[in-house]
Every structure is written in structure tokens, then in C-alpha cells.
Amino acid sequence: RQALEARGGKPAKDYAAECAMKCAEPAFMRFLIERHDLPHPATDKTAATRVRSVLAITSRSQLNTDSAAAARWREMVKEFDAWRRST
């Protein structure tokens, strides 16, 4: 499924839902505060707004329809995972 997605096909998973869940996680909010200038105190709404801004999208649903946006999201998740391991 990842190979099909890489060729512009359907996303391998529901990235919009994954993003919504991540934006509600306190650790992800701390990551956005530290790495992407999210103002403190953060909420799931401000986290979602910051993610949309960083990824240059207007709606999280684009993560499921725009392969470039999905790729940017996957990179952000990798960056988050690396940040989490280093803290």
C-alpha cells in the first residue's frame, strides 16, 4: 500500500484521523511547542491549526487526498518519533 501511495494512489492509512489523534496527545503538543513554535498553553485545536500551517494544508482531510501532503505528514510523524526518543 505504501508503494501505491508513493505513486499517487490511495493513502496507505487514514492520515486525517491519525493527525486528529496526535493533535490531542500532550507529547505531540509539547513537540509542536518546541519544534514548530506552537504557542503555550496548547490545545488540540491550536495544535491542529499549527499542523495545518506547517504542512501547508487547509484541512486535515487533504492528508487523505493529496499525496504530497501525506508525505509531509509522514515526515512530521518521523520527526516527532525521533524527538520523543531523544527526550
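The model shown is predicted, which means the values in this text are computed figures rather than measured ones.
Taking each heavy atom of Ile33 and His40 in turn, the nearest pair found is CD1-CD2, 3.4 Å. Considering every non-hydrogen atom in both Arg84 and Ala27, the closest pair reads NH2-CB, 3.4 Å. Closest heavy-atom contact between Phe28 and Lys22: CB-O, 3.1 Å. Of all heavy-atom pairs spanning Leu63 and Ala16, the tightest one is CB-N, 4.1 Å. Taking every heavy atom of both residues into account, Thr46 and Leu38 meet most closely at O-CD1, 3.4 Å. Among all heavy-atom pairs drawn from Ala24 and Asp44, the shortest one is CA-CB, 4.0 Å.
In this structure, Arg35 and Phe80 have side chains that are not in contact, with every pair of non-hydrogen atoms separated by 4.5 Å or more.
Ser53 places no side-chain N or O within 3.5 Å of a backbone atom of Thr49 that could act as its donor or acceptor partner. Put simply, the side chain of Arg50 never gets that close to the backbone of Leu32: no donor and acceptor are under 3.5 Å apart.
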- Where do Arg60 and Trp73 land on the side chain to side chain contact (heavy atoms under 4.5 Å, CB included) test, with the steps shown first? CA-CA 10 Å; Arg60 287 184 293 214; Trp73 168 248; over 6 Å; no

- Query: What's the verdict on side chain to side chain contact (heavy atoms under 4.5 Å, CB included) for Phe31 and Met76, showing C-alpha distance, side-chain angles and the deciding distance?
  - Reply: CA-CA 10 Å; Phe31 161 74; Met76 180 178 272; 4.1 Å; yes

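A salt bridge is defined here as a Lys NZ or Arg NE, NH1 or NH2 lying under 4.0 Å from an Asp or Glu carboxylate O, and Glu75 with Arg72 fails to meet this definition.
For the atom pair SG of Cys23 and CZ of Arg52, the computed distance is 8.5 Å after rounding to the nearest 0.5 Å. From Ser59, atom OG reaches atom CG of Asp66 across 11.0 Å, with rounding to the nearest 0.5 Å.
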